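Keep in mind it's a predicted model, so treat the numbers as computed, not measured.
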Amino acid sequence: MLTKALGAVAVLALVFTAVNITLFARSRGVPLGIAALLDPILSLALASVLFADARLASWGERPPHGSAILRWFTGTAATLMNRWESI
């Protein structure tokens, strides 16, 4: 039951973020096709670097310096685009 509830929360959060970022991009004159792809690209980059770093850590390896930069950049970009209207 808890897994289903957490899955539903994750799906709703992804939809919320996708709508926010698409509206953010559209309000800045970005064409709809590009605006709709912005969130999946950003989310995929962030998820990929998080999973890759976790895998490296499980092997006892230290993630490269560039992955920290990508994590911070994508996390900050997502936060700013989601909160832009409130700032």
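To the nearest 0.5 Å, atoms CG (L37) and CG (L44) are separated by 11.5 Å. Distance check, rounded to the nearest 0.5 Å: CD1 of I34 to CD1 of I41 gives 9.0 Å. A distance of 10.0 Å separates CG in L46 from CZ in F51, rounded to the nearest 0.5 Å.
Checking side-chain atoms of S43 against main-chain N and O of P40 turns up no donor-acceptor pair under 3.5 Å.
Residues in residues 58-75 take part in these salt bridge (Lys or Arg N to Asp or Glu O under 4.0 Å) pairs, two or more places apart or across chains: D53-R71.
Taking A35 as the reference, T22, A25, R26, V30 meet the side-chain contact (heavy atoms from CB on, under 4.5 Å) condition, with sequence neighbours excluded.
Considering all non-hydrogen atoms of both residues, V49 and L70 come closest at CB-CD2, 3.9 Å. Considering all non-hydrogen atoms of both residues, L56 and P63 come closest at CD1-CA, 3.9 Å.
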Which atom pairs, one a donor and one an acceptor, fall under 3.5 Å between side chains of residues 10-17 and the rest of the protein, sequence neighbours left out?
residue, atom, partner, partner atom, Å
T17, OG1, A13, O, 2.9

